Visitor: 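Handing you this structure, nothing more for now.
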Amino acid sequence: MLKAKILFVGPCESGKTVLANFLTESSDVTEYSPTQGVRFESCWPALMKDAHGVVIVFNADIPSHRKEMEMWYSCFVQQPSLQDTQCMLIAHHKPGSGDDKGSLSLSPPLNKLKLVHSNLEDDPEEIRMEFIKYLKSIINSMSESRDREEMSIMT
């Protein structure tokens, strides 16, 4: 069985833990509790080691989060040389914030990435299905890479 290491990164209070818990069916807790221990940039290289994918989560309703996304992309996708297909953007909308999917425009290189809107209050299954599609593409890529490596050993 293949195991994939997927990182959930993004600005503070963007919804990373809530989404990760929801997607892994770990918890239904939706109240904010800051995640400690990984807020320090000195830890990032250790976190990135052997990562197969990165999910950048941001709160679409906070303008500063949109500005920070390029930094997250640079640090967690470009620097470790991941492919854009290994990255997914989630514009998380907190309960009661509305769900304005139409007004979000991203600048290059972010506009080439898969962007999914998340609203666990209105349509939780949409984000689950999108994440499953993303995870399947990561697993397929890992499987193909493993097959190429095995073939190169045999020849």
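Values in this document were obtained by computation on a predicted structure and should not be read as measured data.
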Visitor: Please round to the nearest 0.5 Å and tell me the distance separating atom CG of L113 and atom CG of L106.
Guide: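 Here the rounded value is 8.0 Å.
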Visitor: What distance do M154 atom CE and E149 atom CD have between them, rounded to the nearest 0.5 Å?
Guide: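 Here the interatomic distance stands at 12.5 Å.
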Visitor: Listed by chain and number, what are the side chain to side chain donor-acceptor pair (under 3.5 Å) partners of S107, not counting sequence neighbours?
Guide: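 Partners of S107 by the side chain to side chain donor-acceptor pair (under 3.5 Å) criterion, ordered by chain and then number, come out as E70.
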Visitor: Applying side chain to side chain contact (heavy atoms under 4.5 Å, CB included), name anything that partners E150, two or more places apart in sequence or on another chain.
Guide: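 Only R146, D147 meet the side chain to side chain contact (heavy atoms under 4.5 Å, CB included) criterion with E150.
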Visitor: Would you name the heavy atoms of K16 and G10 that are closest together and state the gap between them?
Guide: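 Looking at all heavy atoms of both residues, the closest pair is NZ-O, 3.2 Å.
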Visitor: Just jot down the salt bridge (Lys or Arg N to Asp or Glu O under 4.0 Å) partners of E125, sequence neighbours excluded, or say none.
Guide: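 For E125, the residues satisfying salt bridge (Lys or Arg N to Asp or Glu O under 4.0 Å) (neighbours in sequence not counted) are R128.
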Visitor: Give a yes or no on whether the backbone of A60 and the side-chain of R66 come within a donor-acceptor separation of less than 3.5 Å.
Guide: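 Flag set: sc R66 to bb A60 pair under 3.5 Å.
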Visitor: Is the shortest side-chain heavy-atom distance between I56 and C87 below 4.5 Å?
Guide: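 The answer is yes, as the side chains (C-beta and beyond) meet within the 4.5 Å cut-off.
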Visitor: Within this structure, what is the CE-CG distance for the pair M48 and L7, rounded to the nearest 0.5 Å?
Guide: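 M48 atom CE to L7 atom CG measures 8.5 Å (nearest 0.5 Å).
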Visitor: For the residue pair I127 and L23, what are the closest heavy atoms and their distance?
Guide: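 Scanning both residues, the minimum pair turns out to be O-CD2, 4.0 Å.
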Visitor: Taking only distance into account, with no hydrogens and no angle test, what donor-acceptor pairs under 3.5 Å do side-chain atoms of residues 133-142 form with protein atoms, sequence neighbours excluded?
Guide:
{"unit_1": "K133", "atom_1": "NZ", "unit_2": "E130", "atom_2": "OE2", "d": "3.3"}
{"unit_1": "Y134", "atom_1": "OH", "unit_2": "V54", "atom_2": "N", "d": "3.1"}
{"unit_1": "Y134", "atom_1": "OH", "unit_2": "V54", "atom_2": "O", "d": "3.4"}
{"unit_1": "Y134", "atom_1": "OH", "unit_2": "Q86", "atom_2": "O", "d": "2.6"}
{"unit_1": "S137", "atom_1": "OG", "unit_2": "Y134", "atom_2": "O", "d": "2.7"}
{"unit_1": "N140", "atom_1": "ND2", "unit_2": "K136", "atom_2": "O", "d": "3.4"}

Visitor: Is the number of heavy atoms from other residues, nucleotides or ligands under 6.0 Å of K67 NZ greater than 12?
Guide: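 No, because the 6.0 Å sphere around NZ of K67 holds 12 heavy atoms or fewer from other groups.
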Visitor: Which residues satisfy the ring pair (Phe, Tyr, Trp, His ring centres under 6.0 Å) test with F76, sequence neighbours excluded?
Guide: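 W44, W72.
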Visitor: What residue pairs, at least two apart or across chains, pass ring-ring contact (aromatic ring centres under 6.0 Å, His included) with a residue in residues 47-69?
Guide: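 Non-adjacent pairs meeting ring-ring contact (aromatic ring centres under 6.0 Å, His included): zero.
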Visitor: Output the distance between atom CD1 (I90) and atom NE2 (H117), rounded to the nearest 0.5 Å.
Guide: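 Result: 11.0 Å between the selected atoms.
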Visitor: Any side-chain heavy atom of V55 sitting closer than 4.5 Å to one from I6?
Guide: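 In short, these two side chains touch, coming nearer than 4.5 Å.
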Visitor: Who else is in the cluster with I62 when I, L, V, M, F, W and Y are joined by side-chain contacts under 4.5 Å?
Guide: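 Once heavy-atom contacts under 4.5 Å are chained together, I62 still belongs with nothing else.
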Visitor: Shared ILVMFWY cluster between M151 and I153, side chains joined below 4.5 angstrom?
Guide: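 Per the 4.5 Å side-chain linkage, M151 and I153 are not co-clustered.
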Visitor: For K112, enumerate each residue passing the side chain to side chain contact (heavy atoms under 4.5 Å, CB included) test, keeping only those at least two apart in sequence or located in another chain.
Guide: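 Here the qualifying residues are D84, P109.
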Visitor: Taking atom types as modelled, find out whether H92 and S118 have a side-chain donor-acceptor pair closer than 3.5 angstrom.
Guide: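 A donor-acceptor contact under 3.5 Å links the two side chains.
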Visitor: According to salt bridge (Lys or Arg N to Asp or Glu O under 4.0 Å), does anything in residues 73-82 pair up with another residue at least two apart or in another chain? List the pairs.
Guide: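 Sorted result for residues 73-82: empty, none.
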Visitor: Using only atom types and a distance under 3.5 Å, with no angle test, would you say the side chain of S14 pairs donor to acceptor with the backbone of N59?
Guide: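 No; judged by distance alone, with no hydrogens or angles, the pair does not exist.
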Visitor: If I compare all heavy atoms of N119 with all of D122, which pair ends up nearest, and what's the gap?
Guide: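 Closest pair (atom of N119, atom of D122, distance): OD1-N, 3.1 Å.
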Visitor: Run the side chain to side chain donor-acceptor pair (under 3.5 Å) test against Q79 and tell me which residues pass, sequence neighbours left out.
Guide: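 With neighbours one apart ignored, the set is empty.
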Visitor: Shared ILVMFWY cluster between V77 and L47, side chains joined below 4.5 angstrom?
Guide: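 Same hydrophobic cluster.
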Visitor: List the residues meeting ring pair (Phe, Tyr, Trp, His ring centres under 6.0 Å) with Y73, not counting sequence neighbours, and say none if there are none.
Guide: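 Here no residue qualifies.
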Visitor: Quick one: which residue pairs count as a ring-ring contact (aromatic ring centres under 6.0 Å, His included) with a foot in residues 1-20, not counting sequence neighbours?
Guide: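 Checked against ring-ring contact (aromatic ring centres under 6.0 Å, His included) - neighbours excluded - the pairs reaching residues 1-20 are F8-F131.
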